[in-house]
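Any value given below was found using the heavy atoms of this structure, including those in side chains, with hydrogens, waters and symmetry copies removed. What you are looking at is a predicted structure, and each value in this text was computed from that prediction instead of being measured.
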Amino acid sequence: MASSRKVIELFYDVVSPYSWLGFEVMCRYRNVWNIDLKLRPAFLGGIMQGSGNKPPGLVPNKFLYMTTDLHRLAQYFQVPISPPADPFEAMFEKGSLSAMRFVAAVQEREVGGDKQVEQVSRELWMRIWSQDKDITQPASLSEAAMKAGLSASEVEELLKLSTSKEIKDKLKRSTQEALDHRAFGFPLAVCHVNGKAEVFFGSDRFELIADCIGEKWMGPQPTAAKL
């Protein structure tokens with residue numbers, strides 16, 4: 001008899017390159033592990049403010065280390081991270097509020113799964129963390145969404161929806177739920193096991209997540225490991 005499927009919620013923000021790593025790995029494992037993966041777009045700026053945390057970019061030594069670290073991780077996880085020319089501007093001056101409201105709007109309208117949410121999120125990460133492009137202006141959000149397979153009319157509707165109180169409140173709720181799990185950064189994986197929520201921060205806890213849900217960690221490319 002097959003064991004009951006575990007639910008893993010993944011809270012993330014496309015302004016975070018470490019979230020991109022966690023996102024890609026969890027998407028690769030969603031059909032390998034016996035899990036239901038729930039994508040939870042949220043706002044990292046709200047997490048930092050609500051938890052009293054400070055971004056690594058504000059600590060010079062951490063910022064320098066992050067550049068080297070991301071280069072190593074991009075190769076290891078096979079995710080095409082290439083930091084923007086001015087990471088500080090991209091992450092802290094421009095931010096991601098409009099982008100995450102747009103992703104929340106995509107999720108609100110999507111029926112029968114989260115494929116569009118996954119694809120739009122990935123395209124936004126590609127823009128900011130691989131192509132050094134803007135993710136704050138409506139034109140850039142439109143381009144990302146159309147690359148993800150949405151039509152021009154769908155994008156127009158989503159852009160309008162993303163500025164509505166409904167979507168602003170939806171993103172606030174998701175961010176608050178992450179804070180309720182004592183989040184202080186992203187990515188945040190919340191594993192629901194036997195009625196209990198087990199919380200894991202970061203993109204370097206996959207072995208522990210696997211152990212928690214009774215599965216096996218097979219590295220960043222699980223399909224290759226199975227061959």
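- Looking only at distances, a side-chain donor or acceptor of W33 sits under 3.5 Å from a matching main-chain atom of K216.
- Counting only distance, with no hydrogens or angles, the side chain of Q107 and the backbone of L39 share a donor-acceptor pair below 3.5 Å.
- A continuous path of hydrophobic side-chain contacts links V25 to M218 [ILVMFWY only; heavy atoms under 4.5 Å].
- Listed for the R5 side chain is no donor-acceptor partner under 3.5 Å among the backbone atoms of N34.
- Expressed to the nearest 0.5 Å, how far OH of Y76 lies from CG of D69 amounts to 13.0 Å.
- Between the side chain of Q78 and the backbone N or O of Q75 there is at least one donor-acceptor pair closer than 3.5 Å.
- By the 4.5 Å heavy-atom criterion applied to side chains, P187 and F11 are not counted as neighbours.
- Relative ring orientation between W217 and Y29 is described as parallel, the plane-to-plane angle staying below 30° on a 0-90° scale split at 30° and 60°.
- More than 12 heavy atoms of other residues, nucleotides or ligands lie within 6.0 Å of NZ in K170, so this atom counts as buried by the packing criterion.
- Ion pairing of E143 with R127 is present here, as a side-chain N (NZ or NE/NH1/NH2) and a carboxylate O approach within less than 4.0 Å.
- When all heavy atoms are compared, the tightest approach of I8 to A189 is CG2-CB, 4.3 Å.
- Shown here is N194, whose CG atom has no more than 12 heavy atoms of other residues, nucleotides or ligands within 6.0 Å.
- Rounding to the nearest 0.5 Å places CD of Q119 at 13.5 Å from NZ of K147.
- Under the 30°/60° scheme for interplanar angles, the aromatic rings of F206 and F77 are found to stand perpendicular.
- A continuous path of ILVMFWY side-chain contacts below 4.5 Å connects F201 to V199, so both sit in one hydrophobic cluster.
- When the side chains of ILVMFWY residues are joined at heavy-atom separations under 4.5 Å, either directly or via intervening members, Y65 and I81 end up in two distinct hydrophobic clusters.
- Each of L64 and W129 belongs to its own hydrophobic cluster when Ile, Leu, Val, Met, Phe, Trp and Tyr are linked at side-chain heavy-atom distances under 4.5 angstrom.
- In this structure, OG in S130 is found 10.0 Å from CD in E123, a value given to the nearest 0.5 Å.
- A donor-acceptor contact shorter than 3.5 Å is absent between the side chain of S96 and the backbone of A99.
- Side chain of T163 to backbone of K160: a donor-acceptor contact under 3.5 angstrom is found.
- Of the candidates V14, L150, V155, L150 is the only one forming a side chain to side chain contact (heavy atoms under 4.5 Å, CB included) with V120.
- A 4.5 Å side-chain heavy-atom check between E215 and K6 finds every atom pair outside the cut-off.
- When atom types are taken as modelled, the side chain of E110 and the backbone of K115 share a donor-acceptor pair closer than 3.5 angstrom.
- The hydrophobic clustering, which links ILVMFWY residues whose side-chain heavy atoms are closer than 4.5 Å, places F200 and L179 together.
- Taking the side chain as every heavy atom from C-beta outward, P80 and W20 approach each other to under 4.5 Å.
- Nearest approach of S98 to L141, heavy atoms of both residues: O-CD1, 4.1 Å.
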